[in-house]
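Below is one structure, written out as structure tokens; comments come after it.
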There are 2 protein chains.
Amino acid sequence: MANILRADAQTNRDRILAVARTALAAEAGASVNSITKAAGVGAGTFYRHFPTREALVFEVYKQQIETLVTLGPALITELRPVEALRAWCLQVSEYARVKHSLAEALGGLAGQDFSSAHQPMLDTLRLLINAGKQTGELNASAEPEDIFVLLTCIWRLRTNDADQARSQRLLELVIRGLEV
Amino acid sequence: MANILRADAQTNRDRILAVARTALAAEAGASVNSITKAAGVGAGTFYRHFPTREALVFEVYKQQIETLVTLGPALITELRPVEALRAWCLQVSEYARVKHSLAEALGGLAGQDFSSAHQPMLDTLRLLINAGKQTGELNASAEPEDIFVLLTCIWRLRTNDADQARSQRLLELVIRGLEV
DNA sequence: ACCTGAACACCGTTCAAGT
DNA sequence: ACCTGAACACCGTTCAAGT
């Protein structure tokens, strides 16, 4: 992880990311030009550091994911598996409500970039589900990828819709479908 | 439903819709300009008939919905409620796989236009669910709107993803969550 | 009334020219 | 090496000018 970038290049990259974090949190659709302008760099500079707009979203997304991923193992030691799963899903939901770019990234089901980017989330989900299978609380037919698709839908809803009671009901329904 | 449009205006409107149906089925993101060009009308003509691009999608969507809505009551007379629900969901899924604009419209959870446009679908879903409640096969806590959100997610997946086995598993999981 | 199509304000992205 | 910013090809949408 040594610095292979020239000092000014590194500064620009950091500035772009810093601006992007707040801009995308405020509005998921924030344009590249608005970000470069706020960061005080030319458009070309942006594309020197990120091949595409999606790559920028991906980078911001990756940083936010780490927070949530570390939460999984912590919850498992404290709660029963099903409760840990529920708590983790609620945490993600809460996080997505504030960080709009996360919700956008979660919804990128089609993008090839994101399917690999989702991997840490899938691993955490798998961890939680497997714990439930071992205690016999969850049935064994559930694939983490399947459940991730449904959760993705719920998490995005939480961002757009004022009604967060619905997202909670939906989570309960999914968990009930998972219980043995 | 009398013709209040001048003859040429009516022709143009019909042509736009005809082109849009095939164009949007081929690619959900088809541009307004590409549609007007293929329909042989100016851009201004388009906006005389449809206030916005979304309104066009909405119109095409509405026509396709009717086919699916009439299916609900038919299935109920033939099958047990849960089977009818399952069959209807699969039908929608199959339809969305071909008509991409339908998948796009289904995903428009946020758009105010669409939340009212979804109404017939919601009514059909309510019909199917209520039948299941009366026979005691489905539990009473399920709101049609809630389930619609999850199904929307599954239906869109079917369009993008080659893996349709997943969409079937997800449907089963949701239905299992509904069963009493 | 209704139509056309150039034009506008955006978007993501590229590339010649600078240091 | 890295940067700038005008320019490109798009997008949805508007509007003056025509019939």
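Just so it is clear, the structure is predicted and the values come from calculations on it, not from any experiment. Proteins come first, then strands; the chains are lettered A, B, ... in the order of their sequence lines, and each starts at number 1.
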Exercise. Atom CD1 of B:I16 and atom P of C:dC3: how far apart are they, to the nearest Å?
Worked result: 8 Å

Problem set entry | Selection from D:dC2, D:dT13, C:dA1 that lies nearest to any side-chain heavy atom of B:R6 | C:dA1

Exercise. Does A:T52 make a side-chain N or O approach to OP1 or OP2 of C:dT13 shorter than 4.0 Å?
Worked result: yes

Exercise. So which nucleotide from C:dC3, C:dA6, C:dT13 ends up closest to the side chain of B:A43?
Worked result: C:dA6

For this session: May I ask you to say what B:T45 touches in the nucleic acid, namely base, sugar-phosphate or nothing, with a heavy-atom cut-off under 4.0 Å?
Result: base

Exercise. Starting at NZ of B:K37 and ending at C1' of C:dA6, how long is that distance when rounded to a whole Å?
Worked result: 14 Å

Exercise. Across the strands shown, which category fits A:N33 at heavy-atom distances under 4.0 angstrom: base, sugar-phosphate, nothing?
Worked result: base

For this session: Whole angstrom is fine here: how far is it from CZ in B:F46 over to C1' in D:dG12?
Result: 9 Å

Exercise. How do B:Y47 and A:G44 order along DNA chain D: which one's closest nucleotide is nearer the 5' end?
Worked result: A:G44

Exercise. With respect to the phosphate group of C:dC2, does any side-chain polar atom (N or O) of B:H49 fall under 4.0 Å of OP1 or OP2?
Worked result: no

For this session: Using Watson-Crick or G-U wobble geometry with both distances below 3.5 Å, tell me the partner of D:dT14, or none.
Result: C:dA6

Exercise. How many Å lie between CG on A:L56 and P on C:dC11, as a whole number?
Worked result: 15 Å

